[in-house]
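Encoded as structure tokens, the structure appears first; notes follow it.
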Amino acid sequence: MLHVDPIFAATSGVPSSVAVTTPAGPPVLAAGGESVPPPFSVSALVTGTRLDSWLALGLVLAAGLYLYGVYRLRIRGDRWPVARTVFFLGPGLGGIALVTVSGLHAYDTTLLSVHMVQHMVLSMVSPIFLALGAPMTLALRTLPKAPRKRLLAIVHSRVARVYSFPLVAFAIFVVNPFVLYFTDLYRYTLEHAWAHELVHAHFIMTGCVFFWPLLGLDPLPGRWPYPARALLMLLSVPFHTVLGLTIMQSSTLFGGDWYPSLNLGWADPWDDQVLAGGILWAGGEFVSVTMLAVLVVQWVKQSEREARRIDRELDRQEARERAAESAA
């Protein structure tokens, strides 16, 4: 059996056919046949960064298209809010890259707590900022006539209307984690790298479907008024508490014997599962409160814009009345 240094294997992408041998026992492999990484450290987040995944390519492509759209508007003389660009590229795409492209990805099948961090960022944090970046509005303002019509047709299609309907999106957002963690599906994603990557993409899409109609700035059909949106967000808060506490108090390990079979000398699967539940519980509470605050700010700004619109209309009506009196 070929011996490979574990730190080198974790940071340089050892092929799946190569295993790490340890004095204590047989080779240890994680999802996709990858060797188990060394003890978690901050330096590993940098040294373990990979840019050869399909998700990394998608992130670079999305960032490039967004920046090209902003450039097109600028050379045309139109303005695009800097905050939207920062939201989309920073916490939006950058948040996805932080948990999937950086060295953190090497621990997502060896530590449940790291997987939960990915879960929170991919399904709750990044989708919020992607929605605040208003990429659809940017596309509608920069695309030629024919592609713009096709994009509008997709946005207003029956499928888009169904999936973007807040109650449908809420049901998908709430049910999906329970289906993943309380069935054999989670163990399957640990054993197959392609399924694990697919779960990452699913987290992102689920978060976007839920948060885009509630917090997004893009024009979407059938958008609910702000009071109804706030109520739906409040209903989502207990879900994270219940799921997090259930994971913390579970008498069985998620993934069955997967984590114990890794024989990690630097992490205990039971303690890590408690930590994972705490991350989901506390993180869910924090994100829920934050998105409620964002919604309230949007609500106030919309009320102010509506008040200014009414004032302008009243001023115009008063001017027309004075003109009519003068003419009489």
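Both backbone and side-chain heavy atoms feed into the values below; hydrogens, waters and symmetry mates do not.
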Salt bridge check: are [X] and [Y] linked by an N-O gap of less than 4.0 Å?
X      : Y      : answer
Arg309 : Glu306 : yes
Asp257 : Arg187 : yes
Arg312 : Glu318 : no
Lys301 : Glu304 : no

Tell me if the [atom1] atom of [X] is crowded by more than 12 foreign heavy atoms within 6.0 Å.
X      : atom1 : value
Arg76  : CZ    : yes
Trp194 : CH2   : no
Arg79  : CZ    : no
Arg72  : CZ    : no
Tyr68  : OH    : no
Asp184 : CG    : no
Phe239 : CZ    : yes

Are [X] and [Y] connected, step by step, through hydrophobic side chains (Ile, Leu, Val, Met, Phe, Trp, Tyr) whose heavy atoms are closer than 4.5 Å?
X      : Y      : result
Leu235 : Met124 : yes
Leu217 : Trp212 : no
Val60  : Ile96  : no
Phe182 : Val199 : yes
Val289 : Leu232 : no

task = Before giving the answer on ring pair (Phe, Tyr, Trp, His ring centres under 6.0 Å), spell out for Phe165 and Trp224 the whole-Å C-alpha distance, their side-chain angles and the decisive distance to 0.1 Å.
result = CA-CA 9 Å; Phe165 185 68; Trp224 281 9; 5.7 Å; yes
Testing the 3.5 Å rule here: is there a donor-acceptor pair between the side chains of Gln118 and His200? yes
Any idea how [X] and [Y] line up, ring-wise: parallel (<30°), tilted (30 to 60°), or perpendicular (>60°)?
X      : Y      : answer
Phe173 : Phe210 : parallel
Tyr181 : Phe254 : perpendicular
Trp266 : Tyr107 : perpendicular
His119 : His115 : perpendicular

Does the [X] side chain pair with the main chain of [Y], one donor and one acceptor, at a distance under 3.5 Å?
X      : Y      : result
Ser126 : Leu122 : no
His202 : Leu198 : no
Asp108 : Val114 : no
Arg223 : Gly216 : yes
His156 : Ala153 : no
Ser157 : Ile154 : yes
Tyr66  : Gly133 : yes
Gln273 : Thr252 : yes

Are Glu313 and Arg316 close enough, and set up right, to give a salt bridge (charged side-chain N to carboxylate O under 4.0 Å, His left out), and what steps lead you there?
CA-CA 5 Å; Glu313 180 62 28; Arg316 287 193 293 267; 2.8 Å; yes
Notebook entry, point to check: Are the aromatic ring centres of Tyr186 and His196 under 6.0 angstrom apart?
Noted result: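 Not close enough - the centres of the two rings lie 6.0 Å or further apart.
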Apply side-chain contact (heavy atoms from CB on, under 4.5 Å) to the pair Leu112 and Leu275, showing each step before the final yes or no.
-> CA-CA 8 Å; Leu112 181 62; Leu275 176 61; over 6 Å; no
Considering all heavy atoms of both residues, which atom of [X] and which atom of [Y] are nearest to each other, and what is their separation?
X      : Y      : value
Leu214 : Met233 : CB-CE, 3.6 Å
Met291 : Ser236 : CE-OG, 3.5 Å
Pro177 : Leu243 : CB-CD2, 3.6 Å
Asp272 : Ser113 : OD1-OG, 2.5 Å
Leu180 : Phe203 : CD2-CZ, 3.7 Å
Thr109 : Trp258 : O-NE1, 2.8 Å

Before giving the answer on side-chain contact (heavy atoms from CB on, under 4.5 Å), spell out for Thr110 and Tyr259 the whole-Å C-alpha distance, their side-chain angles and the decisive distance to 0.1 Å. CA-CA 6 Å; Thr110 57; Tyr259 294 110; 5.6 Å; no
Are Tyr226 and Gln302 close enough that some pair of their side-chain heavy atoms sits under 4.5 Å apart? yes
Is there side-chain contact between Arg141 and Asp78, with heavy atoms separated by less than 4.5 Å?
yes
Note to self: Do Arg74 and Tyr71 form a cation-pi contact, if we require the NZ or CZ to be under 6.0 Å from the six-membered ring centre and within 45 degrees of the ring's axis?
What the structure shows: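 No.
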*Would you sort out whether Leu93 and Phe129 count as a side-chain contact (heavy atoms from CB on, under 4.5 Å), showing the intermediate values?*
CA-CA 9 Å; Leu93 297 181; Phe129 291 98; over 6 Å; no
With rounding to the nearest 0.5 angstrom, report the [atom1] to [atom2] distance, [X] to [Y].
X      : Y      : atom1 : atom2 : answer
Leu130 : Ile204 : CG    : CD1   : 8.0 Å
Asp271 : Leu111 : CG    : CG    : 11.5 Å
His240 : Ile279 : NE2   : CD1   : 14.0 Å
Leu280 : Thr241 : CG    : OG1   : 9.0 Å

Report task. Please assess Asp218 against Val155 for the test side-chain contact (heavy atoms from CB on, under 4.5 Å), listing each intermediate value before the final yes or no. Result -> CA-CA 10 Å; Asp218 290 319; Val155 172; over 6 Å; no
